[in-house]
Amino acid sequence: VQLQASGGGLVQAGGSLRLSCAASGFTWDYYAIGWFRQVPGKEREGVACISVDGRKSRIGESVKGRFTIHRDNAKNSVSLQMNSLKPEDTAVYYCAADRTYPRRTYCAIGDTDYDRWGQGTLVTVSS
C-alpha cells in the first residue's frame with residue numbers, strides 16, 4: 001500500500017502550488033482521499049477531502065476559497081490546488097486514504113477515519 005505525495009516547495013506569499021497524491025497497492029475505488037497538514041508542535045489539521053466518486057468534497061475553514069481538491073480515478077490520483085498562499089500555510093502536507101466503501105459520496109475531514117498515509121511533502125510560503 002503506497003500513497004505518494006509530491007509537489008511541495010518554496011513559494012512566495014500570494015503564489016500557487018499544486019500537490020499531487022498518487023496511490024497504488026489498494027482498491028482505489030473503495031477509498032476517500034484526504035489532505036492534511038502539520039506544523040511541528042501543532043496538531044494535524046484537515047485541509048480537504050474528496051469522496052470515491054469525486055463528487056463530494058470538503059474544504060477546511062482556514063483554506064476555504066483558496067484551495068480546491070480534484071480526483072482523477074483513471075489515474076488513481078488526487079490533486080490539491082493551493083492558491084493565494086499565505087505564510088501560515090507553511091507545513092508538511094500529507095495525503096491519506098479512508099475506506100468508505102460502499103459509500104461513494106462521502107469523505108471526512110477529520111483525520112481519525114484515515115488509516116493509510118503518505119510520507120508528506122513540505123510546503124514553505126515566504127512572506
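Heads up: numbering here begins at 1 and tracks the sequence.
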* Counting distance only, does the side-chain N/O of Tyr106 pair as donor-acceptor with the main-chain N or O of Ala32 below 3.5 Å? -> no
* To do: Check the hydrophobic clustering (I, L, V, M, F, W, Y; side-chain heavy atoms under 4.5 Å; chains of links allowed) and say if Leu85 and Phe36 are grouped together.
  => no
* **Within-4.5 Å side-chain heavy-atom neighbours: Val47 and Tyr94** => no
* **Note, Asp111 side chain near Trp117 side chain (heavy atom, < 4.5 Å)** => yes
* Side chains of Trp35 and Phe67 in contact at under 4.5 Å (non-hydrogen atoms) -> no
* Asked: Less than 4.5 Å apart, any side-chain heavy atom of Tyr31 and any of Asp115?
  -> yes
* Between Ala5 and Cys95, which heavy-atom pair has the shortest distance, and what is it? -> CB-SG, 4.1 Å
* Can you measure from CZ (Arg104) to OH (Tyr30) and round to the nearest 0.5 angstrom? => 10.0 Å
* So, do Arg37 and Val123 sit near enough that their side-chain heavy atoms are less than 4.5 Å apart? -> no
* Asked: Can you tell me how far the CG atom of Asp29 sits from the OG1 atom of Thr100, to the nearest 0.5 Å?
  -> 10.0 Å
* Asked: For Ile109 and Arg58, which heavy atoms make the closest approach, and how far apart are they?
  -> CD1-O, 4.0 Å
* Test log, rule side chain to side chain contact (heavy atoms under 4.5 Å, CB included), inputs Arg71 and Ile33 -> CA-CA 9 Å; Arg71 181 174 183 134; Ile33 301 296; 3.8 Å; yes
* More than 12 heavy atoms of other residues, nucleotides or ligands under 6.0 Å from NZ of Lys64: is that the case? -> yes
* To do: Output, in order, the C-alpha distance, side-chain angles, deciding distance and verdict of side chain to side chain donor-acceptor pair (under 3.5 Å) for Asp53 and Ser51.
  => CA-CA 6 Å; Asp53 65 0; Ser51 62; 2.7 Å; yes
* Report the distance from atom NE2 of His70 to atom OG of Ser79, rounding to the nearest 0.5 Å. => 5.5 Å
* Would you sort out whether Ser84 and Arg66 count as a side chain to side chain donor-acceptor pair (under 3.5 Å), showing the intermediate values? => CA-CA 6 Å; Ser84 301; Arg66 301 187 295 121; over 6 Å; no
* Contact summary for Ala48 and Ile59, nearest pair of heavy atoms -> CB-CD1, 3.7 Å
* Between Ser6 and Thr121, is any pair of side-chain heavy atoms under 4.5 Å apart? -> no
* Asked: Looking at side-chain heavy atoms only, is the closest gap between Ser127 and Pro87 below 4.5 Å?
  -> yes
* Structure fact -> Rounded to the nearest 0.5 Å, the CG atom of Leu3 sits from the CZ atom of Arg116 at a distance of 8.5 Å
* Check against side chain to side chain contact (heavy atoms under 4.5 Å, CB included), Ile69 and Val78 -> CA-CA 7 Å; Ile69 188 170; Val78 169; 3.6 Å; yes
* Exercise: identify the closest heavy-atom pair between Cys107 and Ile50 -> SG-N, 3.5 Å
* Considering non-hydrogen atoms only, spot the tightest contact between Leu17 and Gly7 and give its length. => CD2-O, 3.8 Å
* Can you tell me if Asn73 uses its side chain to pair, donor with acceptor, with the backbone of Val52 under 3.5 Å? -> yes
* To do: Decide yes or no for Gln119 and Gln4: does some side-chain heavy atom of the first lie under 4.5 Å from some side-chain heavy atom of the second?
  => yes
* Heavy-atom pair with the smallest gap, counting every atom of Val92 and Gly120 -> CG1-CA, 3.9 Å
